[in-house]
Novice: 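Below you'll find the structure I mean.
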Amino acid sequence: MTTVTIHLVVGIEEFTLIVFYTKDDEWQFRVLSGGGAVFGERKLYYSAHAAEKAGREWIAKGN
């Protein structure tokens with residue numbers, strides 16, 4: 001089982017941005033919609049700040 005550490009959970013408009021770290025995969029983000037759908041890319045980031053920035057940009061672009 002992979003251990004995940006959640007760094008940030010923040011509400012942005014109707015979305016929830018989650019930034020997390022896994023030992024194997026570095027930093028990532030996911031976006032949850034108000035309806036419960038999970039979105040995001042499987043890109044890896046080398047800091048929590050970089051993952052948060054990418055997640056906020058992803059939401060702003062309406063992906």
Side-chain angles (χ1 to χ4, degrees):
M1 183 168 84
T2 302
T3 301
V4 175
T5 302
I6 301 214
H7 174 75
L8 173 75
V9 177
V10 63
I12 303 172
E13 299 177 15
E14 71 272 8
F15 299 101
T16 301
L17 171 63
I18 300 172
V19 175
F20 61 95
Y21 179 83
T22 65
K23 185 176 180 181
D24 297 331
D25 293 330
E26 305 289 334
W27 292 96
Q28 295 185 38
F29 74 87
R30 293 295 182 273
V31 176
L32 295 119
S33 72
V38 179
F39 301 98
E41 300 172 335
R42 296 190 68 97
K43 290 184 179 179
L44 305 179
Y45 300 92
Y46 293 103
S47 71
H49 177 74
E52 178 183 352
K53 182 179 177 198
R56 288 178 181 274
E57 290 172 356
W58 194 91
I59 290 170
K61 289 180 183 177
N63 292 317

Novice: Below 4.5 Å, heavy atoms only, C-beta onward: do R42 and R30 meet side chain to side chain?
Specialist: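 Result yes, sub-4.5 Å side-chain heavy-atom pair found.
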Novice: Hey, what do you get for CH2 (W58) to CD1 (I12), rounding to the nearest 0.5 Å?
Specialist: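 Rounded to the nearest 0.5 Å, the CH2-CD1 separation comes to 11.5 Å.
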Novice: Classify the angle between the aromatic ring planes of F29 and Y45 as parallel (below 30°), tilted (30 to 60°) or perpendicular (above 60°).
Specialist: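 The arrangement is tilted - the two ring planes meet at 30° to 60°.
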Novice: Residues in side-chain contact (heavy atoms from CB on, under 4.5 Å) with L32, at least two apart?
Specialist: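 For L32 the side-chain contact (heavy atoms from CB on, under 4.5 Å) partners, ignoring immediate neighbours, are T16, I18, V38.
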Novice: For F20, what residues pass the ring-ring contact (aromatic ring centres under 6.0 Å, His included) criterion, not counting sequence neighbours?
Specialist: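 Testing F20 for ring-ring contact (aromatic ring centres under 6.0 Å, His included), a comparison that skips the adjacent residues, returns none.
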Novice: Please round to the nearest 0.5 Å and tell me the distance separating atom CG of L17 and atom CZ of F39.
Specialist: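 Result: 13.5 Å between the selected atoms.
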Novice: Cut-off 3.5 Å, no hydrogens considered: what does the side-chain donor-acceptor table look like for residues 49-56, sequence neighbours left out?
Specialist:
from : atom 1 : to  : atom 2 : distance (Å)
E52  : OE2    : R56 : NE     : 2.9
E52  : OE2    : R56 : NH2    : 3.2

Novice: Is there a path of hydrophobic side-chain contacts, each under 4.5 Å between heavy atoms of I/L/V/M/F/W/Y residues, joining V4 to W27?
Specialist: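 No, W27 does not connect to V4 through the hydrophobic network.
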Novice: Which pair of heavy atoms, one from Q28 and one from K43, lies closest together, and at what distance?
Specialist: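 That closest heavy-atom pairing would be CG-O, 3.6 Å.
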Novice: Once you round to the nearest 0.5 Å, how far does CD1 of I6 lie from OH of Y21?
Specialist: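 Going from the CD1 atom of I6 to the OH atom of Y21 covers 15.0 Å.
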Novice: Grouping I, L, V, M, F, W and Y whenever their side-chain heavy atoms are under 4.5 Å apart, do V31 and L8 come out in a common cluster?
Specialist: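 V31 and L8: one cluster.
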